[in-house]
Amino acid sequence: MNRGRLITIEGIDGAGKTTLAAGLLEALLARGIEVELLREPGGVPAAERIRELVMDPNLHVAARTEALLYAGARAQLVEEAIEPRLSRGTWLLLDRFIDSSLAYQGAGRRLGIDAVRAINEFAIRTAWPDRTLLLLIDPRLGRSRSRSRTAAPDRLERERDDFFERTVHAYLELWSQDPERIRKIDAGDPPEEVLAAALRELADLL
Ligand code: TMP
């Protein structure tokens with residue numbers, strides 16, 4: 001049995017990841033691919049509990065704690081949901097994965113991409129994404145989109161603009177280090193064009 005493919009969707013808040021994930025799920029199912037969509041942080045009960053903790057605006061969570069919590073939620077998701085599905089041939093679409101931690105905690109929180117990569121390699125073991133779709137949008141536009149969506153921003157959404165600028169910069173650095181895995185997509189385009197671009201970037205896997 002062929003191992004399933006792990007496809008991740010990345011980008012800052014308000015880039016349209018959730019819309020693209022829903023569109024891709026439908027498009028892949030229509031091609032007869034057995035595929036499921038999972039979200040990070042969360043996706044399985046223990047990881048959802050960690051999500052509540054890490055996103056709670058009323059808690060003080062230190063940067064290193066935050067990185068470890070995201071990695072912990074990820075380890076649980078890999079163990080309980082990702083590995084079993086990939087090994088039985090199911091494809092997975094993930095709304096955020098390891099690159100979110102590299103960009104947000106590594107650069108946004110200034111913990112260093114290499115340090116955050118090390119704890120995440122421990123967490124995910126061999127479950128590296130086969131392809132990563134990086135949605136790029138002007139950070140200010142992304143922020144205004146995500147603000148208009150939620151009345152109560154979570155702990156991360158309350159960060160200042162320079163946090164998001166560092167995060168976007170890190171995403172681009174990750175892309176430049178591995179353009180074969182990470183593919184950039186202009187998220188300022190209408191949703192149907194973003195979906196078409198995403199399918200082009202997956203064409204060799206389909
Ligand atoms: P979401 O809004 O896409 O569900 O993501 C929740 C927030 O968590 C978002 O602000 C990005 C942040 N995040 C990290 O900082 N590091 C991570 O590893 C992940 C998965 C999310």
Side-chain angles (χ1 to χ4, degrees), residues 6-22 24-25 37-44 46-78 81-82 92-124 127-129 132-137 139-171 174 182 187:
L6 176 55
I7 297 163
T8 64
I9 304 172
E10 293 282 356
I12 55 165
D13 304 86
K17 292 184 298 303
T18 308
T19 306
L20 174 62
L24 264 184
L25 181 69
L37 171 62
L38 293 170
R39 76 161 176 185
E40 266 231 326
V44 291
E48 289 288 340
R49 293 271 282 275
I50 298 176
R51 178 188 176 93
E52 284 166 25
L53 189 80
V54 80
M55 291 168 70
D56 185 344
N58 300 314
L59 279 182
H60 168 69
V61 179
R64 281 161 199 276
T65 315
E66 180 181 283
L68 289 163
L69 287 172
Y70 279 115
R74 186 162 298 130
Q76 188 67 31
L77 189 68
V78 167
I82 296 178
L92 283 175
L93 283 176
L94 277 181
D95 187 340
R96 295 194 180 281
F97 196 52
I98 185 167
D99 298 293
S100 283
S101 281
L102 301 181
Y104 280 77
Q105 281 66 54
R109 294 280 186 237
R110 300 187 201 266
L111 290 173
I113 290 180
D114 289 342
V116 175
R117 185 183 279 122
I119 58 169
N120 276 278
E121 281 175 345
F122 176 76
I124 71 170
W128 271 89
T132 296
L133 303 168
L134 172 57
L135 296 186
L136 290 175
I137 193 167
R140 276 159 305 188
L141 178 58
R143 298 207 75 191
S144 71
R145 277 199 202 167
S146 70
R147 277 197 192 115
S148 66
R149 203 171 50 195
T150 58
D154 65 43
R155 216 172 46 75
L156 275 289
E157 284 165 349
R158 288 171 186 231
E159 278 303 324
R160 295 201 321 265
D161 285 343
D162 60 323
F163 175 92
F164 293 97
E165 276 153 24
R166 286 198 297 282
T167 302
V168 174
H169 191 264
Y171 269 133
L174 294 168
I182 302 180

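All heavy atoms count here, side chains included; hydrogens, waters and symmetry mates do not. Every value quoted in this text rests on a predicted model; they were computed, and no experiment measured them. Just so you know, ligand 1 is whichever comes first in the structure, and atom 1 is the first atom listed for that ligand.
Ion pairing between a basic and an acidic side chain is recognised when a charged N comes within 4.0 Å of a carboxylate O; Asp99 and Arg117 show no such pairing. Note on Glu48 versus Arg39: salt bridge recorded, some NZ/NE/NH1/NH2 to OD/OE distance being below 4.0 Å.
Looking at Arg109 against ligand 1, nothing comes within 4.0 Å, counting heavy atoms. When non-hydrogen atoms are compared, ligand 1 lies under 4.0 Å from the side chain of Arg74 (C-beta onward) but not from its backbone. Here Glu66 has no heavy atoms under 4.0 Å from ligand 1, in either its backbone or its side chain. Residue-level proximity to ligand 1 for Ile98 is absent, since no heavy atom of it falls below 4.0 angstrom.
Put simply, CD1 on Ile119 and CD1 on Ile124 are 11.5 Å apart, with the number rounded to the nearest 0.5 Å.
When hydrogens are left out, the protein atom nearest atom 16 (N) of ligand 1 is Gln105 OE1, 2.8 Å; that is the closest non-hydrogen contact. For atom 17 (C) of ligand 1, the closest non-hydrogen atom of the protein is Tyr70 CD2, 3.4 Å. Nearest protein neighbour of atom 18 (O) of ligand 1, counting heavy atoms only, is Ser101 OG, 2.6 Å.
Both tests pass for Arg74 against the ring of Phe97: distance under 6.0 Å to the centre and angle within 45° of the axis.
Taking only non-hydrogen atoms, the option from Met55, Arg96, Arg51, Lys17 nearest to atom 4 (O) of ligand 1 is Arg51. When the heavy-atom distances from atom 10 (O) of ligand 1 to Thr167, Asp13, Leu77, Leu102 are ranked, the shortest goes to Asp13.
Counting all heavy atoms, side chain and backbone alike, Arg110 lies closest to Arg166 at NH2-NH1, 3.0 Å.
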request  = Determine, stepwise, if the pair Arg51 / Asp56 fulfils salt bridge (charged side-chain N to carboxylate O under 4.0 Å, His left out).
outcome  = CA-CA 8 Å; Arg51 178 188 176 93; Asp56 185 344; over 6 Å; no

Evaluation steps, side-chain hydrogen bond (donor to acceptor under 3.5 Å, both in side chains), between Tyr171 and Glu10 = CA-CA 8 Å; Tyr171 269 133; Glu10 293 282 356; 2.7 Å; yes

